[in-house]
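These notes concern the structure reproduced below.
Note that ligands are numbered from 1 as they come in the structure, with each ligand's atoms numbered from 1 the same way. Residue numbers start at 1 and run along the sequence shown. None of the values given here were measured: they were computed from a predicted structure. The figures here come from the full heavy-atom set of this structure, side chains too, leaving out hydrogens, waters and symmetry mates.
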Amino acid sequence: MDKVIIFDTTLRDGEQAAGGTLNAQEKLEIARQLEKLNVDVIEAGFPISSPGDFEAVRLIAREIRTPIICALARAAPKDIDRAWESVKEAEHPRIHVFLSSSDIHLGYQLKKSREEVLHTAGEMVARAKKYTDDIEFSPMDASRTEPEYIYQILKAVIDAGATTVNIPDTVGYAIPDEFGRLIEGILNNVPNINQAIVSVHCHDDLGLAVANSLESVKRGARQVECTINGIGERAGNASLEEIVMAIRTRKDFFNLTTDVNTTQIYKTSRLVSELTGFVVQPNKAIVGANAFRHESGIHQDGIIKMPITYEIMDPRTVGIPASSLVLGKLSGRHAFKERLAELGYSLSKADFDRAFSAFKELADKKKGITDRDIESLIAEELRTVSEVYHLDRVQISCGDRGIPTASVMLIGPEGQVLADAALGAGPVDAVYKAINRIVGVPNVLTEFAVKSVTEGIDAIGEVLIRIESKGITYTGRGADTDIIVASAKAYMNALNRLLAAKKAAG
Ligand code: KIV
Ligand code: ZN
C-alpha cells in the first residue's frame, strides 16, 4: 500500500494565524509532541522572518531527531542561507524554497516577468542544493497559475535538484475536481516528475482544504501539508487529524496509509490549543468536544447495542481516553501517576511533584477531578513561559454595593515582594489595574474569554486573554476554580510573554 507523507506546518503556517504567536520553548514543546505523533516532516518556521523564529528552528533541529526538520525560505540568497543556518544540525534537514507563479502575483506584487521567475526559481533551488539534498519547491498561488507555466517551473526546479514539488492553493480558491485535475496534469506533463514527490498545501477559505488535499492524494500526490486543528493563515490550513483519519477510516476507498500514530492526535490537538490560545470548536471533526458524543436517544440506543451503528471511528484510536474514571481527594500519588500515563504524560520527578501538589490543592476545592481537569492543571503547572513577575496572591472585594477593589502581591525579577491595590469598574478591571500599577507596561486588552473546563458549579474556569502592545498581540491563559484568580493568572501570563519579547528585542 502506498504511503502518504505527512508534512506538518503547525509551527510555520499554523503559527502565521493572527494572534497565534508561540515562543521558542513552546514551539519546541509542540515539536516534541509532533515527533510522538510520528509525522514525517516538521516545518519548524521561517528563519529569516525574525531572530526568535530562527532560534526556535535551530532548537528544534538540534533536539528532534526522527522527522525531517524543514525551514522555509523565499527564493532569495539571504533567506536560503539563513534557512540552512537554522537546520544544519538536524539529523534530516530540508530547505523549502517558495516563489509566486500566478500572473496576479507576478504583475501586482513581484513586478517580474514569467521568464525572470522561471530563472530565479531554478537558480535558488540550485543554491539550496549546495547545502543539502532534500529540497522542496513551492510555486506560490499555483491554483491560480496557468498549468502550462507550472509544468515549466516544476521541470526547471527538479532539474536544479528539487526532490519535492509542492502545489499550494495559497488563497483557498480551488474546487476539488479542478485541483485534482491540476495534480493529474502535473503528473502527466512534467517530463522529470518521477524524480520528485508531488505535494499539496491547501488553505480553507472556502472550507475545502481537506477535500482538495484528499482529492489530490486520490490522483497521485504523495505528500500533504497540514496543521493540527487546521490552524493557519486566515481561515487556516487543511487539518492534519481530518486527513489522517479519513485515509485510515476509508482505507477501502483510498488504499493508502500514513505513519501517524493516531493515538497521539487528541493530546497534540489539546497542546496546540493550549499554547496558541485557539479554542477548538465543539463540533470540530475528530478532536472537538462533541465529535464522539451522542445526544439523540435513537443514537444512544444504537451505540449501546453496537458502537458501529453510529460511530465510524473508535475514539480510542485518536487517543480520547475511554475511561471516565474520576479522581478525588483520597486518590494517591500512584492513582494520579497512572491516570497521567493513560493520558499520555510522562513527567520528570520535579514536574510530577508540582503537578501532584496542584492536584491535591484542586481536590480540596473540587469533588470529582476529570481528565479535562487534569489536562488543564498540567497545562497550568508546566507552562513554559519564563516569568519576570510571579503572581503571589490576589484579594478581591466586590458585590452590588461597594466599589470593586483588588490588592495584589507579585514577586519581581530580583525576588522582591511588590504589592499594590486599585479600584475598578468590576473585579477583573480592579485586578488588572493593580497589576498594571506594579508592572507598568502599557498595553490594550483586546480579548477576554472565560470558559468552564467541565460541568458543575465547582468546575475549573479557564481564562484566555489577548493584549496588544506596539501592534503585537500576546496571548495569556490561566485556570483556577476562582475565575478572578484565573483572570489574574492569564493576565500575568500574557504580560510575561510581552516582557520576554521586549527583552529579546533588546
Ligand atoms: O500558502 C502558501 O502558498 C504557502 C507557501 C509558502 C507554501 O504557505
Ligand atoms: Zn500556506
Side-chain angles (χ1 to χ4, degrees), residues 5-18 20 40-50 53 57 68-76 79-80 82-83 86-87 94-106 108-110 117 120-121 124-125 128 134-145 149-150 153-154 157 162-174 179 182-183 186 196-213 216 221 223-240 243 276 278:
I5 296 166
I6 297 298
F7 176 116
D8 180 279
T9 182
T10 307
L11 299 177
R12 199 279 297 169
D13 223 347
E15 207 224 0
Q16 248 166 265
D40 301 284
V41 187
I42 295 176
E43 187 163 54
F46 187 11
I48 195 90
S49 67
S50 73
D53 214 37
V57 179
I68 293 169
I69 306 299
C70 175
L72 184 70
R74 285 168 301 190
D79 276 48
I80 292 168
R82 192 84 174 133
S86 70
V87 289
R94 173 180 294 186
I95 301 176
H96 177 185
V97 181
F98 73 98
L99 181 57
S100 287
S101 57
S102 68
D103 286 340
I104 301 175
H105 282 209
L106 266 55
Y108 293 108
Q109 196 180 14
L110 299 187
V117 164
T120 307
M124 290 302 114
V125 165
D134 191 344
I135 305 297
E136 173 166 330
F137 179 82
S138 295
M140 188 153 80
D141 204 19
S143 53
R144 294 192 298 170
T145 304
Y149 182 52
I150 297 186
I153 296 188
L154 297 188
V157 296
T163 43
T164 299
V165 286
N166 177 48
I167 312 305
D169 180 22
T170 304
V171 290
Y173 179 73
F179 198 59
L182 173 63
I183 300 304
I186 288 167
I197 300 280
V198 176
S199 166
V200 289
H201 174 114
C202 299
H203 279 270
D204 210 28
D205 300 66
L206 293 173
L208 293 170
V210 169
N212 283 330
S213 307
S216 308
Q223 175 177 286
V224 175
E225 303 200 349
C226 42
T227 61
I228 300 296
N229 300 337
I231 63 168
E233 184 86 37
R234 305 181 311 280
N237 290 57
S239 136
L240 180 147
I243 286 166
T276 56
F278 293 133

Measuring from non-hydrogen atoms of Glu225 to any atom of ligand 1, is the shortest distance under 4.0 Å? no
State, yes or no, whether a side-chain contact exists between [X] and [Y] at a heavy-atom distance under 4.5 Å.
X	Y	value
Thr164	Gln223	yes
Asp8	Ile228	yes
Cys226	Ile6	yes

In Asp13, the N, O or S atom nearest to the Zn ion (ligand 2) is which?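 Result: OD2.
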Rounded to the nearest 0.5 Å, what separation is found between the CZ atom of Arg74 and the CD1 atom of Ile80? 10.5 Å
Have a look at the Zn ion (ligand 2) and estimate, to 10 degrees, the angle subtended by NE2 (His203) and NE2 (His201).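 Nearest ten degrees: 100°.
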Considering only non-hydrogen protein atoms, determine which one is nearest to [atom] and report residue, atom name and distance to 0.1 Å.
atom	value
atom 3 (O) of ligand 1	Thr170 OG1, 2.6 Å
atom 4 (C) of ligand 1	His201 NE2, 3.5 Å
atom 8 (O) of ligand 1	Arg12 NH2, 2.9 Å

Report yes if Asp13 has an N/O atom closer than 3.5 Å to an N/O atom of ligand 1; otherwise report no. yes
Report the relative orientation of the aromatic rings in His96 and Phe98; use parallel for angles under 30°, tilted for 30 to 60°, perpendicular for over 60°. perpendicular
Give a yes or no on whether Tyr173 atom OH has more than 12 heavy-atom contacts from other residues, nucleotides or ligands under 6.0 Å away. no
Which atoms from ligand 1 have a heavy atom of Met140 less than 4.0 Å away?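 Answer for ligand 1: 3 (O).
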Check Arg144 with Asp141, please: is the shortest side-chain N to carboxylate O separation under 4.0 Å?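 Yes, charged N to carboxylate O under 4.0 Å.
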His203 contact mode with ligand 1 (heavy-atom cut-off under 4.0 Å):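 Only the side chain of His203 comes within reach of ligand 1.
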